[in-house]
*Asks:* 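Got a structure for you, written out below as structure tokens; questions coming shortly.
As the structure is a prediction and not an experimental result, all values here were calculated from the model. Here is the naming used below: chain letters follow the sequence lines, and residue numbers restart at 1 for every chain. Side chains included, hydrogens not; waters and symmetry mates left out as well; all remaining heavy atoms used.
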Protein chains: 2
Amino acid sequence: MLRMSTLFLRTLRDDPADAEVVSHRLLVRAGYVRRAAPGIYTWLPLGWQVLRNVERVVREEMDRAGAQEVHFPALLPREPYEATGRWTEYGDNLFRLQDRRGGDYLLGPTHEEMFTLLVKDLYSSYKDLPLSLYQIQNKYRDEARPRAGILRGREFVMKDSYSFDVDDAGLQASYDAHRVAYQRIFDRLGLDYVIVSAVSGAMGGSASEEFLAPTGSGEDTFVRCTSCDYAANTEAVRVPVPDALDPAATGPAHVEDTPGTPTIASLVELLQERFPRTGRAWTAADTLKNVVVMLVAPDGTRTPLVVGVPGDREVDLKRLEANVAPAEVEAFTEDDFTRHPALVRGYIGPRALGEESASGIRYLVDPRVVTGTAWVTGADEPGKHVIDLVAGRDFTPDGTVEAAEVREGDPCPVDGAPLTIARGIEIGHIFQLGRKYADALELKVLDQNGKQVVVTMGSYGVGVSRAVAAIAEQRADGIGLVWPREIAPAEVHIVATGKDDAVFSAAEELARELESRGLRTLLDDRRGVSPGVKFKDAELLGMPWIVVVGKGLADGVLEVRERATGEKHEVAVEGAAQAVLGLLAG
Amino acid sequence: MLRMSTLFLRTLRDDPADAEVVSHRLLVRAGYVRRAAPGIYTWLPLGWQVLRNVERVVREEMDRAGAQEVHFPALLPREPYEATGRWTEYGDNLFRLQDRRGGDYLLGPTHEEMFTLLVKDLYSSYKDLPLSLYQIQNKYRDEARPRAGILRGREFVMKDSYSFDVDDAGLQASYDAHRVAYQRIFDRLGLDYVIVSAVSGAMGGSASEEFLAPTGSGEDTFVRCTSCDYAANTEAVRVPVPDALDPAATGPAHVEDTPGTPTIASLVELLQERFPRTGRAWTAADTLKNVVVMLVAPDGTRTPLVVGVPGDREVDLKRLEANVAPAEVEAFTEDDFTRHPALVRGYIGPRALGEESASGIRYLVDPRVVTGTAWVTGADEPGKHVIDLVAGRDFTPDGTVEAAEVREGDPCPVDGAPLTIARGIEIGHIFQLGRKYADALELKVLDQNGKQVVVTMGSYGVGVSRAVAAIAEQRADGIGLVWPREIAPAEVHIVATGKDDAVFSAAEELARELESRGLRTLLDDRRGVSPGVKFKDAELLGMPWIVVVGKGLADGVLEVRERATGEKHEVAVEGAAQAVLGLLAG
């Protein structure tokens, strides 16, 4: 039994100054967590209970799925991460340190390398596989912008697991088993979630899905088809590629003076005025916008990249970055333009770029820029544009890239129906790594024919501390937190109000009886605290059931409130424990 | 139910090359832990179970004692540790790092500062106290010589707790409550332990006791009185101080040529020959040996220190270091002697040192060197000693220090009876910190009279991962590990031997039945593995009870072995689960 009289807790009236999202505000105000440094939090007693409850659910479902729990150190030697390139690729996100002898160490962001080496160390035959291992552990990432409390911290708790199989079919089975386990986990945590296709990013590998908890404060944006079950992180959305056209169907490209057209809109206006087309007005979608950025590789190498997208869309830097990872994207500066005279600011033309050009500058276009499509675009000279520049005839890009913004109503790549867009928190990620790590670290086993084969791996993560924030975020209301029963620090919050000793002893007795029947209770046994303050605290703390022992006691009744709905029930003092149990059983 | 057929485990025949102690050898060979880097270990499935079982016991007893669990980050900001001086004092033992913005961080060795600040943050009145908080967490110390596997690692699991009281009586009560909780914990863990007085070392504060698990491989040495209940870490042993003597009772000091006396023994021989005394032969205990060392303060400042001990004892550097902490002790080099000509190597005389000398060199003596005692010692000139040099008359030390070796048979400081000496592993430490941290970080509360008072604190630690090693160390035998039932990964290890399907299904059925009755089982269901290998594995892994299902099955019997004693029992297959339960119940 928890007691408000002794619980290490101070609820706060005011929101923390740096809190942007609901979960952050409420978890701090309700005394669940407290900031120790930017992006680094201390778990206070109630928060720690919630975190441990989430851990328990995760552990039970991973065990049920046949995964075995181990525990790696958080402080890891450099060498394995050097072997896979991640020591460098992680860039500033990696916390690095040296020990007293000058040896290089890191604080583990994820443990692919360590698991791979451990299995290599112990196992050597196909008979040992399949194998799934997991751990629940503190992870470290030196986020550039730690934000939103425990939603994106620099030290956080993650369940990471890894599967090891001898072939692709085995990997698929391990992946599917994790997918089912994750569905069970998030169902039990009372989270609303969507499974979306994801890009693999810095991890390498192929198939990958994310579990997103939809909420306005989520950092991820995802699309869902209004007709089929397609759902994807916007980073992973694949634009439907149109059929190629006949390049000869368009007349020759011609360069024109286009003074006073600093924007796409002004360019379209000029085209409409000076080069009207029959039957079809010029639109921004007829123009090809070439945006130049600087790619920064993990080793610091900087290379210009020009991205061409239809002029009616912006370049989505997050989508771009996800698709050029592990490189990062930086703005192209004044100095950069000076250093690359082939790039005429505002008039970058594709003819100066790409495969066949002499500039050597890489040029990637939106997948809609297929062979035979004609574009109005910069002519590599200030004040001039080129019209009817045909892809595959007048210019050849180095390839395509998914970088154009995705918009509500865009066609679904599966069935063409309109997409909707929403935001969500990434609470889980499942990932077919394939052989990237096993290759780099030489994890092989003997197959049935005695031949050495490289093991294929999956990597799977649940954001355990983040799930706490996601639950808070999705379920909180205007007055406080609302925990699902399995996750709450206590299932029943008993509030004794008034000054009457009888009230306090009745509340105490009820708490004892509920505890003896296996319910976890929090008893507000504080003397000299007003009922108003106690109710406010109970609402803020968010136990799913609140029992008020107070004025009604004289009439032999207690009030039971359901925190989520506000619904109230009167129950007789006589047999109250049984009645409360009945209500909880629903 | 755990199954040997799928358990992520490889038992090893050979000891790891770097293993010095039994627990290290066996925990690695039995597949409980595996080295990831020097002093940094991975917990494999069986080891992780054991660690979690120990954690559970610790948690239950801390909760029972009324302490509340929280969880701090391991990655901590520099500032609080700067405020208390520990950022510097910890020297090379602290893992330090910088984040991407150049902010200084450390990996927490213990969390006094953070707890103090948290309580200061939330609490402000005597009414909020007493308070005890704890956490079970990864701790980090960059040990100079990580050794003995998980016995002394650089990343390790510790339960640390902190008590907060308004006055000394409160602190004593909190301290006593922890003492009782620790006794319960170590009793439940099946550890043999001794509670000994300890020095406070770098932690500051006053009363302090250690829980040591006696074992030959322990890093700590402790004494016990053969008559009373006095027990102390040798570092903390206080030498009984004799009464002062009359300085005038001894004739004047006289310097003598003492050629050819490079050792105490040769000096005693020369004294005996050239200056025989009536009634009492010269012994090494008549000489005063002055040993010079270099003290290195945490900020790097180096100061010579001369320690004077009776010539029949060595200086115990560990005792010396414990009593000059946080300074460290280094050897005095050739160069150092050149820089300090007052110190004549081999002939350091106390007259050149201490309070009244001009050398400025600090001189601390053994507590037995009381006023009026006469000594033979160096005369600050090569080849000369001074005889009848009387303490308090001919020289005045700067103070005393406990640095002389403690020997088996030395008198108990309480009752004078002989002391015995043994070695042990420090598994717990309880500590009255007092107001050191509260003062440094200004943790004050209002007392009953509305006056601000500084809070007094205790700090208490249990080496959770070290306890796993200590249990292994104390209980292992020649053939493997032996776990107590509550801590074992499984309570019953069922070994199915032979090729007969009936054997495997009987074993399986028994395992299921025992599990359904709440027993944790490990089933060796491997096919094609010889009985000898299975028995060897079972002995190595160390579950407390081993049930053999094999040849006897035809006659309707199973064999139940007690791992610790080797005792064997035959039980009927019919009702075997009940019989096993009966045996386990003792």
*Asks:* Where on A:Glu69 is there a heavy atom nearer than 4.5 Å to chain B: the side chain, the backbone, both, or neither?
*Replies:* both

*Asks:* Can you see which heavy atom on A:Ala74 is nearest to which on B:Tyr140, and at what distance?
*Replies:* CB-OH, 3.4 Å

*Asks:* Report the option among A:Gln49, A:Arg59, A:Met114, A:Glu79 that has the most heavy-atom pairs separated by less than 4.5 Å from atoms of chain B.
*Replies:* A:Arg59

*Asks:* Among A:Thr6, A:Leu7, A:Val119, A:Leu51, which has the most heavy-atom pairs under 4.5 Å with chain B?
*Replies:* A:Leu7

*Asks:* At a heavy-atom distance under 4.5 Å, which candidate from B:Pro80, B:Pro77, B:Ala37, B:Pro45 has the highest pair count against chain A?
*Replies:* B:Pro45

*Asks:* Check each atom of B:Leu131 against the heavy atoms of chain A and say whether the ones under 4.5 Å are side chain, backbone, both or neither.
*Replies:* side chain

*Asks:* Start with the C-alpha distance between B:Asp128 and A:Arg10, add both sets of side-chain angles, then the distance that settles side chain to side chain contact (heavy atoms under 4.5 Å, CB included), and finish with yes or no.
*Replies:* CA-CA 11 Å; B:Asp128 298 326; A:Arg10 279 291 173 277; 2.5 Å; yes

*Asks:* Which bit of B:Leu9 comes within less than 4.5 Å of chain A, counting heavy atoms only: side chain, backbone, both or neither?
*Replies:* backbone

*Asks:* Counting only heavy atoms not in A:Glu328, do more than 12 sit closer than 6.0 Å to its CD atom?
*Replies:* no

*Asks:* Could you look at A:Phe72 and say if it's the side chain, the backbone, both or neither that has a heavy atom under 4.5 Å from chain B?
*Replies:* both

*Asks:* Measuring from atom CZ of B:Arg100 to atom CD of A:Glu143, what distance do you get when rounded to the nearest 0.5 angstrom?
*Replies:* 7.5 Å

*Asks:* Looking at A:Leu117, A:Leu46, A:Asn93, A:Leu2, which makes the most heavy-atom pairs under 4.5 Å with chain B?
*Replies:* A:Asn93

*Asks:* Checking heavy atoms, do the side chain of A:Leu107, its backbone, both or neither come under 4.5 Å from chain B?
*Replies:* side chain

*Asks:* Which atoms of A:Leu75 come close to chain B, meaning under 4.5 Å heavy atom to heavy atom: side chain ones, backbone ones, both, or neither?
*Replies:* both

*Asks:* Under 3.5 Å, is there a donor-acceptor pair between the side chain of B:Gln135 and the main chain of A:Trp43?
*Replies:* no

*Asks:* Looking at B:Arg13, I want to see if its CZ is surrounded by more than 12 non-hydrogen atoms of other residues, nucleotides or ligands under 6.0 Å.
*Replies:* no

*Asks:* Side chain, backbone, both or neither: which part of A:Arg52 has a heavy atom under 4.5 Å from chain B?
*Replies:* side chain

*Asks:* Distance check, rounded to the nearest 0.5 Å: B:Asp92 atom CG versus A:Arg101 atom CZ?
*Replies:* 10.0 Å

*Asks:* When heavy-atom pairs shorter than 4.5 Å are enumerated against chain A, which of B:Val33, B:Asp142, B:Leu94 gives the highest number?
*Replies:* B:Asp142

*Asks:* For chain B, which of A:Ala144, A:Ala36, A:Ser5, A:Pro38 has the most heavy-atom pairs under 4.5 Å?
*Replies:* A:Ala144

*Asks:* Is it the side chain or the backbone of A:Arg34 that comes within 4.5 Å of chain B heavy atoms, both, or neither?
*Replies:* side chain

*Asks:* May I ask you to name which of B:Asn138, B:Asp121, B:Val70, B:Thr42 has the most heavy-atom pairs under 4.5 Å with chain A?
*Replies:* B:Thr42

*Asks:* I'd like to know which of B:Tyr105, B:Tyr123, B:Phe8 tops the heavy-atom pair count under 4.5 Å against chain A.
*Replies:* B:Phe8

